[in-house]
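Reviewing the structure listed below.
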Amino acid sequence: MTITINDRLDIPLSELRFTFSRASGPGGQHVNTADTKVTLIFDVEGSPSLNETMRKRIRHKLANRIGADGTLKLSCDSERSRTRNRDIVIRRFAEMLRHALVKPKRRRPTRPTKNSIKRRLATKKQRGNTKKTRKKPGLDE
C-alpha cells in the first residue's frame with residue numbers, strides 16, 4: 001500500500017515506522033492499559049522515494065520538525081483508538097509533505113508607476129511645506 005502525496009510522489013507504507021505508547025488525557029481505565037498514542041517516523045534522508053530536490057525542499061520547509069538524525073516525527077493521541085490515531089497521523093503526514101513540496105512562485109521584480117512616484121513626491125513636498133509653516137519667522141537659515 002502507498003500514500004499518494006502528489007502526482008509525482010507515492011510513498012510506500014514500508015518506508016514509515018510506527019511506534020505506540022500510552023496516551024495522556026481522558027479515557028478512564030482504557031487509557032491506562034492500551035497503547036493508543038501513535039508516532040509516525042519517516043526517514044527523510046534515507047528515503048528512496050524522494051529525489052534530491054524533494055529532499056532539499058522538505059528539509060527547508062520542515063526544518064523545525066526534522067531531527068538531527070534526519071527523521072520526521074509526527075504523533076497523534078486525540079482518539080481512543082490506535083487505528084484511528086494511525087489514520088489521522090498518516091493523513092497529517094501526507095498533507096504536510098504535500099505543502100512542503102509545493103514549488104514557490106518566483107518573484108518578478110516590479111517598478112513603481114510614474115504616477116505613484118509623482119504622488120509620493122507630492123506628498124513629501126506637502127509634508128515639507130507643512131513643517132515649514134511651523135517655523136518662527138526670520139529663522140529661514
Side-chain angles (χ1 to χ4, degrees), residues 1-137 139-141:
M1 181 161 164
T2 62
I3 301 167
T4 303
I5 305 299
N6 58 27
D7 56 339
R8 294 181 322 238
L9 178 63
D10 288 325
I11 296 180
L13 274 178
S14 58
E15 286 190 34
L16 304 179
R17 228 173 55 228
F18 295 97
T19 59
F20 305 98
S21 58
R22 301 240 166 98
S24 62
Q29 194 63 36
H30 176 74
V31 81
N32 298 329
T33 57
D35 292 340
T36 56
K37 179 179 181 179
V38 178
T39 304
L40 177 146
I41 302 165
F42 176 65
D43 186 11
V44 176
E45 297 302 320
S47 172
S49 300
L50 302 173
N51 62 35
E52 195 50 44
T53 308
M54 292 175 176
R55 197 171 279 123
K56 186 177 176 184
R57 194 166 282 149
I58 290 171
R59 270 195 310 252
H60 176 71
K61 291 263 181 100
L62 302 176
N64 59 340
R65 289 186 168 271
I66 296 175
D69 57 347
T71 59
L72 172 68
K73 293 182 182 178
L74 293 172
S75 62
C76 177
D77 62 353
S78 59
E79 299 290 326
R80 288 179 62 181
S81 162
R82 179 191 280 194
T83 53
R84 281 195 300 247
N85 282 336
R86 188 173 179 266
D87 293 341
I88 290 170
V89 82
I90 288 172
R91 207 172 326 120
R92 264 197 234 150
F93 168 73
E95 194 62 32
M96 192 176 287
L97 281 191
R98 201 170 293 125
H99 284 295
L101 291 173
V102 171
K103 187 177 177 183
K105 287 185 180 176
R106 191 158 174 257
R107 184 190 176 278
R108 290 175 50 203
T110 57
R111 281 188 157 158
T113 62
K114 284 185 179 180
N115 272 336
S116 67
I117 293 171
K118 281 181 186 176
R119 279 194 305 272
R120 183 180 62 87
L121 293 176
T123 307
K124 284 170 65 111
K125 198 66 161 164
Q126 185 180 359
R127 182 82 179 139
N129 288 336
T130 304
K131 288 184 175 191
K132 247 186 215 174
T133 59
R134 293 180 189 157
K135 287 183 181 179
K136 290 183 181 175
L139 295 177
D140 289 340
E141 291 175 309

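As a basis for the values below, the full set of heavy atoms in this structure was taken, side chains included, without hydrogen atoms, waters or symmetry mates. Nothing fancy with the numbering, it's 1 onward along the sequence.
- For the residue pair Arg57 and Pro104, the shortest heavy atom distance occurs at NE-CD, 4.3 Å.
- Contact of the Ile66 side chain with the Ile58 side chain is registered, since non-hydrogen atoms from C-beta on lie closer than 4.5 Å.
- Around CZ of Arg17, the count of heavy atoms belonging to other residues, nucleotides or ligands within 6.0 Å does not exceed 12.
- Of the N and O atoms on the side chains of Asp69 and Thr71, at least one donor lies less than 3.5 Å from an acceptor on the other residue.
- Salt bridge status for Glu95 with Arg92: absent, with no side-chain N to carboxylate O gap under 4.0 Å.
- The heavy-atom pair separating Cys76 from Val89 by the smallest distance is CB-CB, 4.2 Å.
- Within a 6.0 Å radius of CZ in Arg134, other residues, nucleotides and ligands contribute more than 12 heavy atoms.
- Note that the CG atom of Asp87 and the CD atom of Glu79 stand 10.0 Å from one another [nearest 0.5 Å].
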Listed pairs under 3.5 Å, donor-acceptor, residues 40-51 side chains, sequence neighbours left out:
| from | atom 1 | to | atom 2 | distance (Å) |
| --- | --- | --- | --- | --- |
| Asp43 | OD1 | Glu45 | N | 3.4 |
| Asp43 | OD1 | Gly46 | N | 3.3 |
| Asp43 | OD2 | Gly46 | N | 3.4 |
| Glu45 | OE1 | Arg59 | NH1 | 3.0 |
| Glu45 | OE2 | Arg59 | NH1 | 3.2 |
| Ser47 | OG | Glu15 | OE1 | 2.4 |
| Ser47 | OG | Ser49 | N | 3.3 |
| Ser49 | OG | Glu15 | OE2 | 2.4 |
| Asn51 | OD1 | Thr53 | N | 3.1 |
| Asn51 | OD1 | Met54 | N | 2.8 |

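- Inter-residue side-chain proximity for Leu16 and Ile3 is flagged as met; some heavy-atom pair is nearer than 4.5 Å.
- Formation of a donor-acceptor pair under 3.5 Å by the Asn6 side chain with backbone atoms of Arg98 is not found in this model.
- Note that the CG atom of Leu74 and the OG1 atom of Thr39 stand 9.0 Å from one another [nearest 0.5 Å].
- For the salt bridge (Lys or Arg N to Asp or Glu O under 4.0 Å) test, residues two or more places apart in sequence or in another chain that qualify with Arg55 are Glu52.
- In this structure the side chain of Arg80 never reaches within 4.5 angstrom of the side chain of Thr36, judged on heavy atoms.
- Distance check, rounded to the nearest 0.5 Å: OG of Ser116 to CG of Leu121 gives 9.5 Å.
- In this structure, Arg65 and Leu72 approach most closely via the heavy-atom pair CB-CD1, 3.7 Å.
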Should Arg120 and Lys124 be marked as a side chain to side chain contact (heavy atoms under 4.5 Å, CB included) after you check the CA-CA gap, both sets of side-chain angles, and the distance that decides it?
CA-CA 6 Å; Arg120 183 180 62 87; Lys124 284 170 65 111; 3.8 Å; yes
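- Note that CZ of Arg119 and CD of Gln126 are 14.0 Å apart. Values are rounded to the nearest 0.5 Å.
- The two residues Phe20 and Asp35 come nearest to each other via the heavy atoms CB-O, 3.9 Å.
- Between the side chain of Asn85 and the backbone N or O of Val38 there is no donor-acceptor pair closer than 3.5 Å.
- Residue-environment remark: NZ (Lys73) stays at or below the threshold of 12 foreign heavy atoms within 6.0 Å.
- Residues Phe18 and Ile90 form a side-chain contact, since some pair of their non-hydrogen atoms from C-beta on lies under 4.5 Å apart.
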